[in-house]
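Comments concern the structure below.
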Amino acid sequence: METSMKVNKISDCLWEIPKTEKEGMLVPARIYANDTLFESMDKGVFEQITNVACLPGIQKYALCMPDGHWGYGFPIGGVAAFDTKDGIISPGGIGFDINCGMRLITTNLKAEEVKPRIRELINELFRAVPAGVGAKGTLKASVTQLKGIMERGVDWCIENGYGWPQDREKIEECGHIPGADPSKVSEKAISRGANQLGTLGSGNHYLEVQMVKIDNIFDEKTAGIFGISEKNQIVIMVHCGSRGFGHQVATDYLKVFDKAMKKYGMTVKDRELACAPFKSSEGSDYYKAMLCAANSAFANRQIITHRIRESFSKVFNTSAENLGIEIVYDVAHNIAKVEKYKIDGKEKEVLVHRKGSTRCFGPGRKELPEIYRSVGQPVIVGGSMQTGSYLLAGTEKAMQETFGSTMHGAGRTMSRHAAKKRVRGDQLLKTMAKDGIHVKTASMSGLAEEAGIAYKNISEVVETMDGLGITKKVVKLKPIGNIKG
DNA sequence: ATGTAC
């Protein structure tokens, strides 16, 4: 970390840049990190998060989570809430991969049953869930079907045989956010999305078979409520988003917003922060199109879940029901949502941008499935393929301090380019096999980019927010098999 | 992240 900005340490794991540090800052910027994470924090984060603090209508603070690093306009790991009356919406605060997110799925299988057959299982999953750049799914949706998916997300999937009725409530927003309007989505986005349903994509997207080690259960009661109670229990984690569809929506509206900025006489610190008033026609159109992409990403993860059920059923020669393949939860970590918070003593409606950040609502919230309401929202944090992932629970403190938000993963420390220079994909594959992780990848160079050394230490990231009481650790999950794009 | 560049 090198910056000329004044950064005050205000508590053990919380840092603040006062609004006097940059002309135009409307609120302070806050960074969540322990000393180690703070020292290694990408310098771009300081520049970007203080730029975000200048955007119209921002409330309280511009936030960056401990997994934060430089991104397009906003840092990845960024959280910013804007007044829905006079604030903005910005594609850079959501990300190109709209509703990129995580899903965690249980089984009642044990590691000792799965490990001997991991190669066969991974081969089957690799066949059933297409991975890699430009991967096409076996389901080719018509324009009418796509419209249904954009508007109704997971409900469409369940009605069409790609899920079980009980799946819907175990998904953020029940797998579809109302207000999506397909007429705000370009033909080009629709054509890119038509054959990508049920596909994983590339980059850091993966499908992982994981196990629960007994000494990695930190909160037995909450884990049990989330469906994790067995020693050596096998679970499945999926990380993917809206593929080319969401990417095209973001691209389309960045162009629209470039013009809208001139029209409304708005200026921003960085062109990548292109935005429009949320209530303007441009802002509202983007929001409605963004929700179409968000719903299709929920549907994408749902169709992948269906393929997982089919694959496990085939390999273990019994029904998915018998195998207990149930959703724990599904979270979006690239999205903007309308939520209400108490700000300066008054309840206020805000548009919370979470870019590489996860909603982590505390206990009692009506948005949570009834069975989880006593313990808070499950939060799924995907680590690097080598180091494992976490399941956490949201808290009331997060509602007060971070607009109900926490980290989304480990966070990169190394560029993709730098990682490829340090690591060879074929060697990494062998190293991981020795560590008991069977990997199948669509791209060896892509695998090298995702090496564990290219990421922060996930445990430190998780501990930072656990120590502050923003999210509480429930379970750490160890990978045994991985499919990546 | 992304038919990894319009």
Categorize A/Q196 for me: base, sugar-phosphate, or nothing, with a 4.0 angstrom heavy-atom threshold over every strand shown.
sugar-phosphate

Result block: side-chain N/O donor-acceptor pairs under 3.5 angstrom for residues 386-393 of chain A, not counting sequence neighbours:
| from | atom 1 | to | atom 2 | distance (Å) |
| --- | --- | --- | --- | --- |
| A/Q386 | OE1 | A/G452 | N | 2.6 |
| A/T387 | OG1 | A/S384 | OG | 2.7 |
| A/S389 | OG | A/G383 | N | 3.0 |
| A/Y390 | OH | A/S459 | OG | 2.7 |

Roughly how many Å is it from NZ in A/K484 to C1' in B/dT2, rounded to a whole number?
14 Å

In whole Å, I'd like the distance from the OH atom of A/Y72 to the C1' atom of B/dA5.
14 Å

Name the residue closer to the 5' end of DNA chain B, choosing between A/V133 and A/D97 according to the nucleotide with the nearest heavy atom.
A/D97

Whole angstroms only, please: what is the CZ-C1' distance between A/R416 and B/dT2?
11 Å

Looking for any heavy atom pair under 4.0 Å, which part of the strands does A/G203 touch: base, sugar-phosphate only, or nothing?
sugar-phosphate

Ring centroid separation for A/F82 and A/F278, is it under 6.0 angstrom?
no

Give the rounded distance in Å between these two atoms: NE2 of A/H205 and P of B/dT4.
16 Å

It should be established whether A/S202 places a side-chain nitrogen or oxygen under 4.0 Å from OP1 or OP2 of nucleotide B/dT2.
yes

With a 6.0 Å cut-off on ring centres, are A/H239 and A/H408 close enough?
no

Please report, rounded to the nearest Å, how far the P atom of B/dT4 is from the CD atom of A/E449.
14 Å

Rounding to an integer number of Å, can you tell me how far A/F96 CZ sits from B/dT2 C1'?
9 Å

Aromatic contact between A/Y341 and A/F403, with the criterion being ring centroids under 6.0 Å apart: yes or no?
yes

Side-chain donor-acceptor contacts of residues 289-298 of chain A below 3.5 Å, not counting sequence neighbours, with atom names and distances?
| from | atom 1 | to | atom 2 | distance (Å) |
| --- | --- | --- | --- | --- |
| A/N295 | OD1 | A/I177 | N | 2.8 |
| A/N295 | ND2 | A/M150 | O | 2.8 |
| A/N295 | ND2 | A/I177 | O | 3.2 |
| A/N295 | ND2 | A/L291 | O | 3.4 |
| A/S296 | OG | A/A293 | O | 3.0 |

Tell me the interatomic distance from A/Y253, atom OH, to B/dT2, atom P, rounded to whole angstroms.
21 Å

Whole-Å gap separating P (B/dT4) and CZ (A/R243):
12 Å

With sugar-phosphate meaning primed atoms plus P, OP1 and OP2, does A/G95 contact a base, only sugar-phosphate, or nothing at under 4.0 Å between heavy atoms?
nothing

With a non-hydrogen cut-off below 4.0 angstrom, is A/K188 in contact with a base, only sugar-phosphate, or nothing?
base

